[in-house]
J.: 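One structure is given below, represented as structure tokens, and several questions about it will come after.
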Amino acid sequence: MPTDPPADAQARLEAALPAALERIRQTPGVLGALWCGSAARGEANAHSDLDFHVLVEGDRRWRANYVVDGVPVEAFHNPARKVRAMFATAQGDTITMFAEGRVLLPHPELDALVAEARALHAAGPAPRPRRGRNASG
């Protein structure tokens with residue numbers, strides 16, 4: 001079974017982006033949306049999907065998976081305080097997605113989260129303490 005060349009895969013995902021974004025926009029409680037993952041970086045392949053972090057009001061968080069125009073979509077819905085809690089526990093995947101993602105539905109709180117993630121990402125991981133008898137070297 002042939003697979004899409006990377007340029008075709010990227011184009012297919014980008015073509016579905018407006019419909020995916022409209023579905024996100026229609027979700028009750030949505031404040032903003034960040035496009036992230038391989039397609040947002042321009043590195044999609046035949047196995048890529050559209051990935052979003054969606055900022056929502058309230059305290060509930062959830063994940064939605066669906067298909068738009070033949071393209072799989074994965075959307076993580078979180079209130080700002082839950083995203084900050086993930087940042088505080090050094091969840092590198094979440095930090096990287098926010099640092100490298102592209103804001104498609106702007107909101108001031110989403111902009112602040114992106115700025116925080118970029119600062120954390122630039123600083124790199126915290127050094128791990130050395131353990132054992134020869135901890136000094």
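Note: hydrogens, waters and symmetry copies are ignored here, and every other heavy atom, side chains too, is used.
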J.: With rounding to the nearest 0.5 Å, note down the distance linking CZ in Arg102 to CH2 in Trp35.
T.: 4.5 Å
J.: What closest approach, in Å, do Pro79 and Gly58 show between heavy atoms, and which atom pair accounts for it?
T.: CB-O, 3.2 Å
J.: Between Phe52 and Leu105, is a side-chain contact (heavy atoms from CB on, under 4.5 Å) present by the stated rule, with each step listed?
T.: CA-CA 11 Å; Phe52 294 94; Leu105 288 178; over 6 Å; no
J.: Is Leu110 linked to Leu31 within one hydrophobic cluster, defined over Ile, Leu, Val, Met, Phe, Trp and Tyr using a side-chain heavy-atom separation of less than 4.5 Å?
T.: yes
J.: Mind checking whether Val114 and Leu120 sit in one hydrophobic cluster, side chains of I, L, V, M, F, W, Y counted as touching below 4.5 Å?
T.: yes
J.: Check the hydrophobic clustering (I, L, V, M, F, W, Y; side-chain heavy atoms under 4.5 Å; chains of links allowed) and say if Val83 and Val54 are grouped together.
T.: no
J.: Identify each donor-acceptor pair in which a side-chain atom of residues 66-75 lies under 3.5 Å from a protein atom, sequence neighbours left out, and give them as a table.
T.:
unit_1 : atom_1 : unit_2 : atom_2 : d
Glu74  : OE2    : Arg63  : NE     : 3.2

J.: If you round to the nearest 0.5 Å, how far is CG of Asn78 from CG of Asp59?
T.: 10.5 Å
J.: CZ/Arg61 to CZ/Arg81 distance, rounded to the nearest 0.5 angstrom?
T.: 10.0 Å
J.: For residues Ser48 and Ser38, report the shortest heavy-atom separation together with the two atoms involved.
T.: OG-OG, 3.0 Å
J.: Mind checking whether Leu50 and Leu55 sit in one hydrophobic cluster, side chains of I, L, V, M, F, W, Y counted as touching below 4.5 Å?
T.: no
J.: What donor-acceptor contacts under 3.5 angstrom involve side-chain atoms of residues 14-23, with partners at least two apart or in another chain?
T.:
unit_1 : atom_1 : unit_2 : atom_2 : d
Glu14  : OE2    : Gln10  : NE2    : 2.7
Glu22  : OE1    : Arg25  : NH1    : 2.9
Glu22  : OE2    : Gln26  : NE2    : 3.0

J.: Which pairs of donor and acceptor atoms, one on a side chain in residues 86-101, lie under 3.5 Å apart (sequence neighbours left out)?
T.:
unit_1 : atom_1 : unit_2 : atom_2 : d
Thr89  : OG1    : Ala85  : O      : 3.3
Thr89  : OG1    : Met86  : O      : 3.2
Thr96  : OG1    : Gly92  : O      : 2.9

J.: Within this structure, what is the CG-CG distance for the pair Leu13 and Asp49, rounded to the nearest 0.5 Å?
T.: 7.5 Å
J.: Group every Ile, Leu, Val, Met, Phe, Trp and Tyr by side-chain heavy-atom contacts under 4.5 Å, then state whether Val30 and Leu104 land in the same group.
T.: yes
